[in-house]
Amino acid sequence: MNEHQTAERLDNFLSFYNNLSQNNLNSLAELYAGNVEFIDPVHHMLGLEQLQQYFSHAYARLSSCHFIATSKIANESQGCLSWVMTFTHDAIGNGKAISVHGCSVLHWNSEGKIAYHRDYYDLNEMVLEHIPLLGWVTKKIKQKMAKEA
């Protein structure tokens, strides 16, 4: 596999997520291995069935979601994609657009499907700072920590 093909895997991954919706969750099987391990700051799942259930729940109230790549590194068996995700969700931030910086680490199996997917992002940036009282508290804590540094 050449450098172009490995970068193409990450482009396809990004395109897949930019087109994912509640209506096409069955297409996850095209990208992921049946025994996929998926980890993010809140969840740890094993298997495609758990992943489909997770996305079904996550996309049920999601109004929009779009990813822009900020950097990519890949070889034939693994890749890392840094991104900015902008989403709107009726239960977070009163439905306003929220941008979150993150990174996905991916490992592909011998069939070219994702066997391991780990997302790194700031849960505070995604959710907590958009909850009225909690957002105020986390902002104050960050300010205090910045002064002490």
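Both Leu31 and Leu25 belong to a common hydrophobic cluster when Ile, Leu, Val, Met, Phe, Trp and Tyr are linked at side-chain heavy-atom distances under 4.5 angstrom. Put simply, Ile39 and Met85 are part of two different groups of oily side chains (I, L, V, M, F, W, Y) that touch within less than 4.5 Å, one to the next. One hydrophobic cluster, built from ILVMFWY side chains closer than 4.5 Å, holds both Leu123 and Phe55. Note on Tyr120: it does not cluster hydrophobically with Ile68, by side-chain heavy-atom contacts below 4.5 Å among ILVMFWY residues. Leu51 and Tyr121 fall within a single hydrophobic cluster, where Ile, Leu, Val, Met, Phe, Trp and Tyr are joined by side-chain heavy atoms under 4.5 Å apart, directly or via other members.
Heavy atoms from other residues, nucleotides or ligands lying under 6.0 Å from NE2 of His101 number 12 at most.
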(message) Apply side chain to side chain contact (heavy atoms under 4.5 Å, CB included) to residues Tyr17 and Leu81 and explain how you reach the verdict.
(response) CA-CA 12 Å; Tyr17 271 89; Leu81 176 71; over 6 Å; no
(message) If you apply the rule side chain to side chain contact (heavy atoms under 4.5 Å, CB included), what do you find for Leu10 with Trp83, and how did you get there?
(response) CA-CA 11 Å; Leu10 292 175; Trp83 41 259; over 6 Å; no
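The shortest non-hydrogen separation linking Leu20 to Tyr59 is O-CE2, 3.5 Å. Across all their heavy atoms, Gln52 and Leu28 have their closest contact at CG-CD1, 3.7 Å. Of all heavy-atom pairs between Glu37 and Leu46, the closest is CG-CD2, 3.6 Å. Nearest approach of Ala33 to Leu48, heavy atoms of both residues: O-CB, 4.1 Å. Closest of all the heavy-atom pairs between Ser56 and Gln22 is O-OE1, 3.1 Å. When all heavy atoms of Asn18 and Cys65 are compared, the pair lying nearest together is OD1-O, 4.4 Å.
Taking NE2 from His44 and CD from Gln50, the interatomic distance works out to 9.0 Å, rounded to the nearest 0.5 Å. With rounding to the nearest 0.5 angstrom, the CG atom of Asn19 is 9.5 Å from the NE2 atom of His66. With values rounded to the nearest 0.5 angstrom, Ser63 atom OG is found 7.5 Å from His89 atom NE2. Rounding to the nearest 0.5 angstrom, the gap separating the CD1 atom in Ile73 from the SG atom in Cys103 is 8.0 Å. In this structure, CG on Asn26 lies 7.0 Å from CG on Asn24, to the nearest 0.5 angstrom. Going from atom CZ of Phe87 over to atom OG of Ser64 covers 9.0 Å, rounded to the nearest 0.5 Å.
Under the 30°/60° scheme for interplanar angles, the aromatic rings of Tyr32 and Phe16 are found to stand perpendicular.
Counting only distance, with no hydrogens or angles, the side chain of Lys113 and the backbone of Gly34 share no donor-acceptor pair below 3.5 Å. Formation of a donor-acceptor pair under 3.5 Å by the Thr70 side chain with backbone atoms of Ser82 is found in this model.
Checked against a 6.0 Å centroid threshold, the rings of Phe13 and Phe67 do not count as neighbours.
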